[in-house]
Amino acid sequence: MKTAAKRIFGLIGYPVKHSLSPVMHNAAFAALELNAEYRLFEVGPDNLNDFLGKLDENNISGLNVTIPYKEKVLEFVTLDQESNYLRQIKAINTIVRKDGIWKGSNTDIPGFSRDLKEKIDPANKKIAVLGAGGAARAVVYVLASFGAKEILIYDIDKDKARNVVDMVISLFPGFNIKTAGNIQELDVRSKDLLINTTPIGMKKDDPCLIEEKMMHNNLFVYDLIYNPTETKLLALARNSGIRASNGLRMLLYQAALSFVHFTGRDAPVKIMEEALNEGVKKI
Ligand code: NAP
């Protein structure tokens with residue numbers, strides 16, 4: 001009897017070396033006894049089209065997508081009617097082959113949404129967002145759809161911040177979102193929630209973008225970074241006695257949803273969480 005070929009999934013990006021996605025997905029495949037494997041595919045920009053063109057040939061059934069390809073893969077996938085808004089968000093992080101068609105989705109959005117809601121309700125909150133890249137676009141979409149009162153967004157690249165504002169206004173006409181010209185203009189002292197979506201904090205010698213004097217008791221600090229689990233920003237929040245969260249559970253929840261897209265099965269979230277917690281200790 002012919003046994004079915006192992007289904008291959010993975011993460012495509014550049015770079016992808018320290019990703020925690022394989023430990024979570026492979027633990028889930030093992031727990032459900034699925035003949036599947038999750039691999040890392042570090043693909044340089046010059047090889048992207050070639051790689052995507054050969055997915056079927058290489059027996060790849062689904063991929064997560066990370067920096068710098070979340071926008072680029074839009075050209076490669078079909079979007080369902082209900083996912084059409086992702087054209088404006090310009091960020092796809094999961095692609096799956098279904099009935100011979102590659103379908104795209106974004107699990108960062110529901111992943112962030114679920115984690116944030118477990119910690120703080122963004123409705124009617126005044127929010128400062130640092131960074132305006134791919135993750136910020138997902139974050140700001142969630143904040144606007146939950147009915148945040150106002151968002152101020154700052155990025156060193158002013159055009160990127162303006163593009164995020166335009167994206168939100170196009171999806172939520174009249175929504176109160178503006179760019180800040182610098183970090184002081186974010187006016188963190190008047191905000192309920194501060195979200196870091198920049199990668200500043202991942203490297204040991206990165207600065208802390210926020211000063212101690214900007215901290216206040218009513219603030220919640222959410223840093224999307226999960227490696228390290230405590231950035232300088234999160235340490236500052238802890239030392240100031242302020243509620244805070246890293247991005248570990250957002251990562252877990254987006255992975256769990258990607259798993260559902262990949263396999264059509266419920267994700268064993270507890271097992272994925274244990275694998276993630278073990279994995280994070282090793283990096
Ligand atoms: P990205 O597309 O490169 O966006 C980062 C943005 O931050 C860029 O626009 C960058 O501008 C800007 N930036 C860099 N330094 C800055 C500074 N000092 N002040 C203000 N803005 C600055 O990256 P991404 O995909 O959005 O990811 C960002 C971070 O979120 C990464 O650390 C990633 O690991 C994390 N993330 C976490 C999860 C999770 O599940 N927890 C999911 C997605 C992403 P330039 O391009 O001009 O440098």
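These figures come from a predicted structure and were not determined experimentally. Numbering of ligands and ligand atoms starts at 1, following listing order.
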Note to self: In the structure I gave you, are the side-chain heavy atoms of Phe29 and Thr263 within less than 4.5 Å of one another anywhere?
What the structure shows: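 Phe29 vs Thr263: side chains touch.
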Are [X] and [Y] ion-paired here, with the side-chain N under 4.0 Å from a carboxylate O?
X	Y	answer
Lys103	Asp80	yes
Lys191	Glu150	yes
Glu278	Lys282	no

By number and element, which atoms of ligand 1 are closer than 4.0 Å to a non-hydrogen atom of [X]?
X	result
Tyr154	19 (N), 20 (C)
Ile200	15 (N), 16 (C), 18 (N)
Ala135	24 (P), 25 (O), 26 (O), 27 (O), 43 (C), 44 (C)
Ile225	32 (O)

Quick test: of every protein heavy atom, which one is nearest to [atom], and how far off is it to 0.1 Å?
atom	result
atom 42 (C) of ligand 1	Met250 CE, 3.7 Å
atom 25 (O) of ligand 1	Ile67 CG1, 3.5 Å
atom 45 (P) of ligand 1	Lys160 NZ, 3.9 Å
atom 5 (C) of ligand 1	Pro199 CD, 3.7 Å
atom 4 (O) of ligand 1	Gly133 CA, 3.2 Å
atom 2 (O) of ligand 1	Gly134 N, 3.1 Å
atom 47 (O) of ligand 1	Asp157 CB, 3.8 Å
atom 37 (C) of ligand 1	Leu224 O, 3.3 Å

Check: Is ligand 1 under 4.0 Å from a heavy atom in the side chain of Tyr226, in the backbone, in both, or in neither?
Finding: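 The side chain, only.
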Note to self: Heavy-atom pairs closer than 4.0 Å: do any link ligand 1 to the side chain of Thr197, the backbone, both, or neither?
What the structure shows: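 The answer is the backbone.
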Notebook entry, point to check: Counting only non-hydrogen atoms of the protein, does one fall under 4.0 Å from atom 33 (C) of ligand 1?
Noted result: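 Protein heavy atoms within 4.0 Å of atom 33 (C) of ligand 1 - there are none.
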Checklist line | Candidate list Thr107, Thr94, Leu34, test side-chain contact (heavy atoms from CB on, under 4.5 Å), partner Phe259, passing option | finding: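 Testing Phe259 for a side-chain contact (heavy atoms from CB on, under 4.5 Å) against Thr107, Thr94, Leu34 leaves exactly one candidate, Leu34.
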Next item on the list: Quickly, which of Asp108, Asn196, Val139 forms a side-chain contact (heavy atoms from CB on, under 4.5 Å) with Leu224? Name it, please.
Entry: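 When Asp108, Asn196, Val139 are each tested with Leu224, the side-chain contact (heavy atoms from CB on, under 4.5 Å) holds only for Val139.
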Item checked: Donor-acceptor contact below 3.5 Å, side chain Lys125 vs main chain Asp121 ->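 It does hold such a pair.
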Margin query: Running the 4.5 Å side-chain criterion over Ile, Leu, Val, Met, Phe, Trp and Tyr, what cluster does Ile200 land in, apart from itself?
Written below: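 Members alongside Ile200: Leu130, Leu152, Tyr154, Ile156, Ile183, Leu186, Val188, Leu194, Leu209, Ile210, Met214, Met215, Leu219, Val221, Leu233, Leu234, Leu236, Ile242.
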Checklist line | Lys119 atom NZ, neighbour heavy-atom count above 12 within 6.0 Å | finding: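 Correct, the count exceeds 12.
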Notebook entry, point to check: If you draw a 6.0 Å radius around NE2 in His18, do more than 12 non-hydrogen atoms from other residues or ligands fall strictly inside?
Noted result: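 Open: at most 12 neighbouring heavy atoms sit under 6.0 Å from NE2 of His18.
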Next item on the list: Please confirm whether Tyr69 and Tyr14 have ring centers closer than 6.0 angstrom.
Entry: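 Centroid distance Tyr69-Tyr14: not below 6.0 Å, so no.
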Check: Are Ile156 and ligand 1 in contact, using a heavy-atom cut-off of under 4.0 Å?
Finding: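 For ligand 1, residue contact (heavy atoms, under 4.0 Å) with Ile156 is present.
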Next item on the list: State whether the shortest distance between N or O atoms of Gly247 and N or O atoms of ligand 1 falls below 3.5 angstrom.
Entry: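 Among all N and O atoms of Gly247, at least one is under 3.5 Å from an N or O of ligand 1.
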Next item on the list: Closest by any non-hydrogen atom to atom 8 (C) of ligand 1: pick that one out of Asp155, Asp108, Leu209.
Entry: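 Closest candidate by heavy-atom distance is Asp155.
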